[in-house]
Amino acid sequence: MKNTQQLPPFPSQTPLSCIDIGVNLSHKRLCKQAPEIIRRAQAVGVERIIVTGTSVASSLAAEQLAKRFPQSLSFTAGVHPHDVKHCDEQTLTRLKKMLDNPSCVAVGECGLDFNRMFSPEATQKEWFHHQLTLAEQTQRPLFLHERDAFEPFYNILKQHRDNISGGVVHCFTGTKKALHAYLDLGMHIGITGWICDPRRGAHLQELVSEIPADRLMLETDSPFLAPKDIEPAIKTNEPLYLPHIVKTVARCRGEDVEETANNALQTTRRFFSL
Ligand SMILES: [Zn+2]
């Protein structure tokens with residue numbers, strides 16, 4: 001079948017070496033096209049993609065993809081707060097087994113999401129604790145998700161802080177207070193194409209320059225969060241658009257695009273031991 005999705009022009013002709021730290025490549029909207037998505041990403045300089053695990057099944061699917069494309073993909077193993085209501089006594093054993101795989105670079109995504117409450121609050125907290133404990137036991141970094149749950153999330157994370165090796169609060173869209181609280185805890189921050197949204201991303205455009213270069217990482221969170229300022233509008237986000245996000249972040253920080261890209265690349269390699 002012919003691919004009819006029209007792809008907008010690239011913002012930069014020169015490939016920018018970068019790593020997309022959050023791609024839901026095992027998602028049904030992306031997985032069938034994985035080889036093409038990887039190829040298109042590489043053409044613009046995205047040298048590696050970290051495939052996000054959001055449940056045991058999606059983490060296993062991410063593991064399979066990483067096995068097929070070891071030169072291009074790493075993955076995380078964890079359960080998103082939306083999915084923790086399906087966890088059982090097998091869950092931790094299964095995640096632990098995936099974490100033995102050297103391609104598995106983090107525990108997550110895990111955390112709290114009180115925006116839509118797809119899982120009960122108590123269950124979310126319980127499984128956040130479990131996955132933080134897993135990160136302590138395995139000494140793997142954490143890929144963290146927090147939405148509309150700053151205080152309980154921060155308090156639980158703080159309890160584990162001294163025993164975990166590190167964490168990235170992915171898709172950060174929170175307040176200045178939350179940003180500095182995470183930075184003070186030693187966390188890294190993941191910025192998505194949310195920042196490209198002229199309306200919703202305005203506060204983030206101001207805040208992003210407060211993130212030290214050695215704590216800042218970049219991600220598309222594909223197939224979600226397509227940058228809103230690309231014309232014609234993108235239906236399905238993919239890592240191809242990471243350089244566009246890099247460019248926006250660089251502009252907001254008053255840096256050269258190459259400097260932002262290179263700093264984020266070094267930070268990402270260090271954080272995930274790539
Ligand atoms: Zn997330």
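Both ligands and their constituent atoms are indexed starting at 1 by order of listing. Since we're looking at a predicted model, the values are computed, not measured. Residue numbers count from 1 along this sequence.
- In this structure, H188 and F271 have tilted ring planes: the angle between them lies in the 30° to 60° band.
- Across all their heavy atoms, V56 and M98 have their closest contact at O-CE, 4.0 Å.
- Taking 2.8 Å as the limit, the number of protein N, O or S atoms around the Zn ion (ligand 1) is 3.
- Under 4.0 Å is where a charged nitrogen must lie from a carboxylate oxygen, and between E121 and K125 at least one such pair does.
- Using a cut-off of 4.0 Å between Lys/Arg side-chain N and Asp/Glu carboxylate O, R269 and E47 are scored as salt-bridged.
- Between Y182 and F153, the distance from one ring center to the other falls under 6.0 angstrom.
- A salt bridge links K177 and E151; the closest N-O separation between the charged side-chain nitrogens and carboxylate oxygens is under 4.0 Å.
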